[in-house]
Undergrad: 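Sharing a structure below in C-alpha cells format, with a few things to ask.
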Amino acid sequence: MSGLSGKKRVYLETYGCQMNFSDSEIVASVMTDHGFTVTERQEEADVVFLNTCSIRDHAEQRVLNRLRELQHLRKKRPGMIIGVLGCMAERLKTALLEESELGMRIDMVVGPDAYRQLPSLMLDAEQGQAAINVLLSADETYADISPVRYGGNGVSAFISIMRGCENYCAYCVVPFTRGQERSRDPLSILGEVQQLVDAGYREVTLLGQNVNSYRWKDPDTLAETTFSDLLAEVAATDPLLRLRFATSHPKDIPDRLLHTMAAHQNICRAIHLPVQSGSSRVLARMNRKYSREDYLERVAAIRAILPGCAISTDIITGFCGETEEDHRETLSLMEEVGFDYAYMFKYSERPGTLAAKKFRDDVPDGVKSRRLTEVIELQQSLSMASNRRDLHSVQEVLVEGYSRRSEKQMMGRSSHNKVVVFPSGDHQSGDYVQVRITGCSSATLKGEAI
Ligand code: 5AD
Ligand code: SF4
C-alpha cells in the first residue's frame, strides 16, 4: 500500500482555471501535512485526485473519460483511492458516488471549500465508506495554509486572494460551484508574497474569480483595503518582483486601479478583461452589467492611463438569442479594441444557470462553430498585428526556463505577457533579460538579448 519511504503517495491532476491550479497547491499542502508525499507518477499513487472544472460540458466530459481510464489503473493497484475535487464535485455532488448510474466507482467527492477535511475523508474512503463534503463556506480562504508549489518553474507563482463569485453571469456555473465572494486578510497575502521572494520567485499573479472586487475590512480597526490598495502594497514589497492579476470584471476596473498600475513599474502592463460579446443586447441577456459602450470606455481609459498596455479577453459565440448582427458586433468590437490575445469558446449550456432557466439554447451547434471559427481567425490576425508592432522593440523578459523545442533557446514573458524566445547564452531562469525582438508568429516573439 505505501511507497518505499513508508509514506502514502498522492497524485494530483488539475483541470480548468488558474484558481484550480492554485487550489491544488493547497490540497498538496494539506496532504503533505498529513504524511503524504506528492508523486508525479500515477502508477505509484495510493490516491489519485482530479481537481475538476465544470465551466463547459466538454471540460466535464474530459474528466469523466479520465476517471474511466483510472478504473483500469486501479485494477493493477487494488487499494487505490480515486477522488473528484473542485467544481464538478460541487456541481454533481452525490451523483458522482452512484456507482450503478456512473458505471464506475469514485471514492471521494470534495468541493472547493472542504479541502481541510481531506485527511479525515481519506480515512472514511480507506474503510470503504463514501466520503463526501461539498459544503460551501462564507469565509474559507485557506489564508493560513502555505501552498506546496509542486511542478512549477520556481520563478512565477499564483497567490489566491479572494474566492467565489456573486456576479451571476447568465451562462456561468461558477457562482454555484464556488459560492459567495470572500477576500483574504492582506497580512497573510503579504506574508506569502515575502516567502515567495525569499525563495527566489520573481513573479506573482494575484488570483480571484473576480479579483478586482477584492475588499478586506479589518475586524478591529474597520479600515478597508481595496484591490488597488493591496496591489500597491504587494508592488512595494520588492521592485524586482513582477505582479500580475486575473481575472478582472469590466464593471470593477476604476481609474484608480489603472493609476495604481501606472505608479508601479513592476505591475505588468497587461490586463485580462473578458468582454464575452460585442453586442449590448447580448451583454444584457448575459447579465454582464455593462454595455458595448461601457466596455469601450474602459478600454479608452486603459489606453489613456497606461499607454501600450496589453489587453486580452474572453469571448463566447452562440449565446442564447445571438443573431448574425450581434455576432458582427463582436467581430467589430474585436477590431476596434485590437485585442492582443483572446480565449474563445462556443456557448455551452450549464444546468442550473440563469440562462438554462430563462432562455432557449437556440443557436444551432453548426452556427456556433462557424461563428467561433470567424472569431478565432480574426483574433489570429489581431495577435499577429500585435506581435508585429513589437518588432525591433526591446522587451524586458523574465526568463522561465528553456524553450519547449531546445535547450539552445530560453523562454520567458514580456511585461505584456507575450512569450518571448531567444538564444540561451549564459542566462538562467529568474533573470530579467533585455531582448530585442527580431521576429514573430501570431503566438510567439523571437529575439536576441542585447
Ligand atoms: N459556455 C462557454 N463559455 C463559458 N465561459 C464561462 N461559462 C461558459 C459557458 N457556459 C467562458 C467565459 C469565461 C471563461 C472563463 O469561460 O468566456 O470568461
Ligand atoms: Fe472551471 Fe470556473 Fe471552476 Fe475554474 S472556477 S475550475 S473555470 S468552473
Side-chain angles (χ1 to χ4, degrees), residues 12-24 26-27 49-63 84-92 110-113 115 134 136 158 160 162-181 207-212 246-251 271-278 282-283 285-290 295 312-320 322 330 333-334 339 341-359 361 363 365 368-369 371-372 375-376 379:
L12 265 160
E13 198 167 282
T14 309
Y15 295 79
C17 61
Q18 293 167 333
M19 196 73 189
N20 248 20
F21 283 81
S22 171
D23 279 1
S24 289
I26 302 282
V27 171
F49 286 149
L50 301 192
N51 193 358
T52 62
C53 173
S54 289
I55 199 93
R56 285 169 287 276
D57 184 56
H58 178 70
E60 291 198 345
Q61 295 307 327
R62 262 182 75 203
V63 168
V84 174
L85 316 184
C87 289
M88 272 175 83
E90 197 59 50
R91 195 179 86 71
L92 296 166
V110 187
D113 287 346
Y115 297 148
V134 289
L136 286 171
F158 298 124
S160 99
M162 59 87 64
R163 303 175 71 81
C165 176
E166 291 168 18
N167 286 330
Y168 290 96
C169 299
Y171 49 79
C172 190
V173 75
V174 174
F176 305 96
T177 62
R178 291 282 179 166
Q180 270 171 268
E181 279 182 15
L207 287 183
Q209 262 89 27
N210 218 349
V211 74
N212 44 355
T247 287
S248 309
H249 192 296
K251 74 175 169 56
I271 298 181
H272 187 62
L273 200 63
V275 67
Q276 313 298 1
S277 167
V282 173
L283 289 169
R285 283 166 82 84
M286 286 177 163
N287 193 29
R288 286 292 285 175
K289 305 181 182 90
Y290 57 86
Y295 186 88
S312 53
T313 203
D314 292 349
I315 289 171
I316 298 175
T317 66
F319 183 65
C320 313
E322 186 189 72
T330 295
L333 178 127
M334 290 171 72
F339 289 112
Y341 193 81
Y343 298 94
M344 298 151 284
F345 315 99
K346 257 196 315 192
Y347 173 59
S348 163
E349 185 177 82
R350 308 313 291 133
T353 55
L354 294 186
K357 287 188 197 145
K358 272 174 49 183
F359 308 128
D361 183 10
V363 178
D365 192 60
K368 285 182 187 170
S369 298
R371 290 180 187 165
L372 179 63
V375 163
I376 290 173
Q379 184 53 47

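Residue numbers count from 1 along this sequence. All ligand and atom numbering here is 1-based and tracks the order in the structure. Hydrogens, waters and symmetry mates are skipped; everything else that's a heavy atom, side chains included, is used.
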Undergrad: Please list the nearest protein heavy atom to atom 5 (S) of ligand 2 with its residue and the distance rounded to 0.1 Å.
TA: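 The protein heavy atom lying closest is Gln209 NE2, 3.4 Å.
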Undergrad: Would you indicate which of Val173, Asp314, Ile316, Val275 comes nearest to atom 13 (C) of ligand 1 when only heavy atoms are counted?
TA: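 It is Asp314 whose heavy atom sits nearest to atom 13 (C) of ligand 1.
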Undergrad: Counting heavy atoms only, name the option from Phe345, Phe319, Tyr171 that's nearest to atom 7 (N) of ligand 1.
TA: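 Minimum heavy-atom distance to atom 7 (N) of ligand 1 goes to Tyr171.
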Undergrad: Using the rule given for side chain to side chain donor-acceptor pair (under 3.5 Å), can you reason through Thr14 versus Ser24, listing the C-alpha separation, both sets of side-chain angles and the distance that settles it, and then say yes or no?
TA: CA-CA 7 Å; Thr14 309; Ser24 289; 2.7 Å; yes
Undergrad: Report, in ascending order of atom number, the atoms of ligand 1 lying under 4.0 Å from any heavy atom of Gln276.
TA: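 Answer, ordered by atom number: 12 (C), 13 (C), 17 (O), 18 (O).
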Undergrad: What orientation do Tyr341 and Tyr343 show, parallel under 30°, tilted 30 to 60°, or perpendicular over 60°?
TA: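 Geometry flag for Tyr343 against Tyr341: perpendicular rings.
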Undergrad: Just heavy atoms, cut-off under 4.0 Å: does Ile55 contact ligand 1 by side chain, backbone, both, or neither?
TA: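 The part of Ile55 near ligand 1 is both the backbone and the side chain.
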Undergrad: Got a second to check how far Arg56's CZ is from Lys346's NZ, nearest 0.5 Å?
TA: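 Interatomic distance, Arg56 CZ to Lys346 NZ, rounded to 0.5 Å: 11.5 Å.
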Undergrad: Quick one, Glu60 with Thr52, criterion side chain to side chain contact (heavy atoms under 4.5 Å, CB included). Give me CA distance, side-chain angles, the key distance, then yes/no.
TA: CA-CA 8 Å; Glu60 291 198 345; Thr52 62; over 6 Å; no
Undergrad: Purely on distance, is any nitrogen or oxygen of Arg56 under 3.5 Å from one on ligand 1?
TA: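 Checking ligand 1 against Arg56, an N or O pair does fall under 3.5 Å apart.
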Undergrad: Angle between ring planes, His249 versus Tyr290, binned at 30° and 60°: parallel, tilted or perpendicular?
TA: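 Rings of His249 and Tyr290: perpendicular, over 60°.
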Undergrad: For atom 10 (N) of ligand 1, which candidate among Ala355, Ser348, Ala356 provides the closest heavy atom?
TA: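 Comparing heavy atoms across Ala355, Ser348, Ala356, the nearest one to atom 10 (N) of ligand 1 lies in Ser348.
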Undergrad: Taking Pro112's backbone N and O only, do any of them form a donor-acceptor pair with Arg163's side chain (distance below 3.5 Å, no angle check)?
TA: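 Looks like yes, one N/O pair under 3.5 Å.
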Undergrad: Near atom 1 (Fe) of ligand 2, which protein N/O/S atoms fall under 2.8 Å?
TA: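 Result, waters dropped: Cys53 SG.
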Undergrad: If you measure from each non-hydrogen atom of Lys346 to ligand 1, which part falls under 4.0 Å: side chain, backbone, both or neither?
TA: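 Looking at Lys346 and ligand 1, just backbone atoms fall under 4.0 Å.
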Undergrad: From His272 NE2 over to Thr313 OG1, what is the distance, rounded to the nearest 0.5 angstrom?
TA: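 Answer for the NE2-OG1 pair, His272 versus Thr313, is 6.5 Å.
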Undergrad: Are any side-chain N or O atoms of Arg350 and backbone N or O atoms of Ser54, one a donor and one an acceptor, separated by less than 3.5 Å?
TA: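 It does hold such a pair.
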Undergrad: Determine yes or no for a side-chain-to-main-chain donor-acceptor pair under 3.5 angstrom, with Ser369 supplying the side chain and Asp365 the backbone.
TA: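 Indeed, once roles are kept as given, a pair shorter than 3.5 Å links the two residues.
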Undergrad: Do Tyr347 and Glu322 have a side chain donor and acceptor closer than 3.5 Å?
TA: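 Their side chains do not contain a donor-acceptor pair, so the 3.5 Å distance test is not met.
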